[in-house]
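For reference, the structure is listed below as structure tokens.
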4 protein chains.
Amino acid sequence: MRVGVLTGGGDCPGLNAVIRAVVRKGIKDYGYEFVGFRDGWRGPLDGDTMPLDISAVRGILPRGGTILGSSRTNLMKVEGGVEKVKQTMSELGVDALVAIGGEDTLGVATQLTEQGVNVVGVPKTIDNDLNATDYTFGFDTAVNIATEAIDRLHTTAESHHRALVVEVMGRHAGWIALHSGMAAGANVILIPERPFDIDEVVAHVESRFQTNYAPIVVVAEGAHPKEGQMQLQTGERDSFGHVRLGGIGQRLAEELEQRTGKESRSVVLGHVQRGGTPSAFDRVLATRLGVNAIEAVQAGAFGQMVALQGTEIVRVNLSAATDKLKTVPEERYAEAEVFFG
Amino acid sequence: MRVGVLTGGGDCPGLNAVIRAVVRKGIKDYGYEFVGFRDGWRGPLDGDTMPLDISAVRGILPRGGTILGSSRTNLMKVEGGVEKVKQTMSELGVDALVAIGGEDTLGVATQLTEQGVNVVGVPKTIDNDLNATDYTFGFDTAVNIATEAIDRLHTTAESHHRALVVEVMGRHAGWIALHSGMAAGANVILIPERPFDIDEVVAHVESRFQTNYAPIVVVAEGAHPKEGQMQLQTGERDSFGHVRLGGIGQRLAEELEQRTGKESRSVVLGHVQRGGTPSAFDRVLATRLGVNAIEAVQAGAFGQMVALQGTEIVRVNLSAATDKLKTVPEERYAEAEVFFG
Amino acid sequence: MRVGVLTGGGDCPGLNAVIRAVVRKGIKDYGYEFVGFRDGWRGPLDGDTMPLDISAVRGILPRGGTILGSSRTNLMKVEGGVEKVKQTMSELGVDALVAIGGEDTLGVATQLTEQGVNVVGVPKTIDNDLNATDYTFGFDTAVNIATEAIDRLHTTAESHHRALVVEVMGRHAGWIALHSGMAAGANVILIPERPFDIDEVVAHVESRFQTNYAPIVVVAEGAHPKEGQMQLQTGERDSFGHVRLGGIGQRLAEELEQRTGKESRSVVLGHVQRGGTPSAFDRVLATRLGVNAIEAVQAGAFGQMVALQGTEIVRVNLSAATDKLKTVPEERYAEAEVFFG
Amino acid sequence: MRVGVLTGGGDCPGLNAVIRAVVRKGIKDYGYEFVGFRDGWRGPLDGDTMPLDISAVRGILPRGGTILGSSRTNLMKVEGGVEKVKQTMSELGVDALVAIGGEDTLGVATQLTEQGVNVVGVPKTIDNDLNATDYTFGFDTAVNIATEAIDRLHTTAESHHRALVVEVMGRHAGWIALHSGMAAGANVILIPERPFDIDEVVAHVESRFQTNYAPIVVVAEGAHPKEGQMQLQTGERDSFGHVRLGGIGQRLAEELEQRTGKESRSVVLGHVQRGGTPSAFDRVLATRLGVNAIEAVQAGAFGQMVALQGTEIVRVNLSAATDKLKTVPEERYAEAEVFFG
């Protein structure tokens, strides 16, 4: 059996751990051969490969990123893309693919399956918003990094009697904000699932200033105020068409300063959250997913992905992961609200 | 409602996070009053209390240990112990107890329940070997600490072409060894559930010495060889006149050195694994358990404990947690074995 | 002897360690009493104090920030400020001050000395740009935090074949950029002392893209291009009069993307660099400075500050610290340039 | 110019950073070629080499250990050793050596110099006890690791009202104990330079038990009691039937438990202190030493080593580093004693 491996979408701590586990398991238990495709779907499209044997995966377990490279190339938007992939696989004698990626990558994998390609998926998203799996690797690392950063910011906020707004990742789901905010004792946590009332936020911040402790607001990048509140004058666009600044973190800090009369500052954690060595949790999860992806290949369970449910790694249909976003439910947010203000 | 809180058994990162969540949730949502009992069951036995209000729990979320203190006092071995506890509760007007602890503490809680005392349990064990909950807080922190230590030891082992044996916690269950060993790329993992064959261990170590990488053996403190193997003759002296030590880690390093002819060293991580600030995972878990323990009190769900199952906090009978030890199942160990040698 | 203590200016890991050392040394060896002044010079101005005894400083050694609070209140700009301070000291029976702060705080201390007030200074700046001391506490912590962040960013940059620009603190001196950039293997380091040539930066970045590794540019917030290059269109101002965005990090990322045709991203580390627990180096330095500040008080060495020179803590005139900025010398930058490109 | 590089003695975080700096500086500025000798002096003795070019040193800056391997092979104890080294150098066309190591390695380098071999030394010892340099790389990393461990142990000690004894490295000099003990707020620090009085230690521990905080004793592995005190009878069994161990940490914990009647535990940090990624301080120091070692080679400054004095890298005679041990002076220990008890 010859198996191709690729990683697509944004990078995530634990990708290398999956790759290593896939390769070691496949070689040791079933004598597979592996082909590494570079940069997500671009690899099989262009026939761009790298050797993927025991020596290629040595020492990569604790390393962030992906030795295969990644890209956001969407196969389905490439004319004749599926045919090219089939052709590459045929030319290289590749019988099956292990595709490690998020919504987009797994969406492509679903469609490839329908067209007769043997694919097993491994779910990946730093934001933890893929359905059908309790957690995705990379998320725990991101939460730890954000928590340590917020721990540090507490002392600055208190020494200067300032409010600090920390913007974390999470465009569509607030998992990182929820977990890091709960872990670090934030006074308010704002998530995309629930448009916030700026008056309530101000009230929490002001109530916090009454104590010896200073307010920390954790806000997901995709959070936004209730309609009509806190106009987001996004301003000009840069040469790449990106809106300049206007990040919710900075915008909120300005609003808080204006309304409370107290100094407020913002910090945008950004890419630091998704790089570097994975936490132990993520290394174990990624390794188990890799081992079980090979068991799925060996069982011919194509069109499926491996997922964490409780403490078990199970198989679910690829479509189950992508048919809806896993967002923060009301009752989880309510647990966090106990500590607001 | 007046609620007593106590922490029993060995300390664990996350205890303070539970205490804080219990107190803040109880006061904010239900107007409870709290009494802190000092040093586990010794507190209600001796009537030794401390104030437990919002200000007592400020800033303790990220701190290891327990502000209530702990002890291994076993109420059931004290003549008239149960009566004394009832009397203390009655004198202080305490209606219910939240008991945070492991097998022993929860065992006592079970028996108190049978004698009409209102108790809700919160499971705690660094070793992760309590039944009926997917994870216990403190475990993730311990695994992270052990993993970081093993990461560090890799480079020393490789530079000196030595085998390194790392002894981690786990008297009866090998969870910390399994997770930290998988996370840090150990070449062999030895756990109490499965007596090891010293010849196999030596074979793995020798095979590893063939590569550029040096062998790391992770061994739980309670692991032991198959019967008849590797006599543990304590008391004898080695060639340097040092007394041969008892711990399995050191004993194994000596055996490996003798049988492979390569330098071998051991490190015993010890108490470092159970102290200090909790990981984000443990802070979130501990906080959620605390919040839900109060919901259980409010619901009158006495004789129950809160537990993690998947991503949900559920209630289970106290006895479910203590009736058997949660050990590492065969199939989990098999996943780790893929990477041996 | 009754001694007042205050901390002024931006907070810095190690402030609490100095305060603890001052108090413990003074009480243990000389039987001093202490008065804590709140929020820098605002404390003695307003007579705002807090108790400062052994129990007040318990457990603060590893904590970032300052239990005394801080502010940027400049005594010299307050009408009759010096007289008010003298009056407060007289009313409280305070014989001498230990002033812990940077250029501004020590500048005020210098002038107070000239007006007969007994002051000993302890130098503090996260930027390490105070003269007459080899290092200031807080700097090592900031460099470690920045280095860890850049370590993490490497793997993201490589996985996505992107350039990453990391903006670190340093308005007037590039010490944090120089040290964290050297420590983390940056491909280019840009500092305020040396206006950069954007063509050279682009050349280094492009040369790096030839290898398997991706370029990381570390830029101090105060760095700027040579005159006429890379117009900084700062754009509109926000409601506080701050220029919106226009940070050099983001601006540079845009320029690199445009000129190299490769994706470029920026991260601004911001306040995370100055908060949280100090590194061991900073804790030792801060503790030694505190101990020696008391020896200076006891010796009547007013108008002086304690400073690190080699491995010794020495005394220098307060004015020596503030008469010029300690910037990065040419030969130190040349050492770093070896690794550019 | 063809330059051989070797690393001798115990491994130390920062060795790879020196190697990388040496190679990149030599190639970039002077067009040198390099030969890597494996495992310290064993390499040139046996003619065992590895390629050492830009690609060999890629990515090694943040990695602990040494890619060249190390050993304790003492050239001077090998019959005809010097001649063999000369012969290897001649055969390989190696003009000069950069020898990175401690007392032994630099002692050999000194003697080689006297016999006409071109050697430049780079000082290395985790213990910081080499003369003529303010700090050696690896020391700061070790102190940070020990400090973090002690931070963690505080909470366990307090929760259980126990004394904890932490044994750190330092056979002949107490630098790691002094710095980590000061940084982590130890109640007693015991170093080899100063035989301790067990009665004083007990008094400090008992005084600490009076407060809410529990005693932490930091002891260097080479520390020992005053003559006649605390007999170290190895071999006997304690009340639990365990063989009493030899290490000073465990022995001291037993003594404290016996004399104070309070539970006492010991932790031996061991090899964890010397492995893994270097701190930022050590990366910068190691990099600067490497760059300046090449400047010394280029200048023909053989028989010298590079050293840190204040913030400068200087050259000193190799013999200056090895003629006496740099121990902790009385006045540094006195600073730490302020915080005892």
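Hydrogens, waters and symmetry mates are skipped; everything else that's a heavy atom, side chains included, is used. Numbered from 1 within each chain, the chains take letters A, B, ... in sequence-line order.
Within 6.0 Å of the CZ atom in A:Arg171, the count of heavy atoms belonging to other residues, nucleotides or ligands does not exceed 12.
Contacts of residues 144-163 of chain A with chain C at a heavy-atom distance below 4.5 Å involve A:Ile145, A:Ala149, A:Arg152, A:Leu153, A:Thr155, A:Thr156, A:Ser159, A:His160, A:His161, A:Arg162, listed in sequence order. The interface of residues 274-282 of chain A with chain C, defined by heavy-atom distances below 4.5 Å, comprises A:Arg274, A:Gly275, A:Gly276, A:Thr277.
Contacts between C:Asp39 and chain A at a heavy-atom distance below 4.5 Å involve the side chain alone, from C-beta outward.
With sequence neighbours excluded, the residues that form a salt bridge (charged side-chain N to carboxylate O under 4.0 Å, His left out) with A:Asp46 are A:Arg42. C:Thr7 is linked by a side chain to side chain donor-acceptor pair (under 3.5 Å) to C:Thr66, counting only residues two or more places apart in sequence or in another chain.
Comparing A:Gly270, A:Gly69, A:Ser70 by how many heavy-atom pairs each has under 4.5 Å with chain C, the most go to A:Ser70.
For the pair A:Val268/C:Val267, no side-chain contact is recorded, criterion being any heavy-atom separation below 4.5 Å from C-beta on.
If you run side-chain contact (heavy atoms from CB on, under 4.5 Å) between A:Val272 and each of C:Leu164, C:Val166, C:Leu269, only C:Leu269 comes through.
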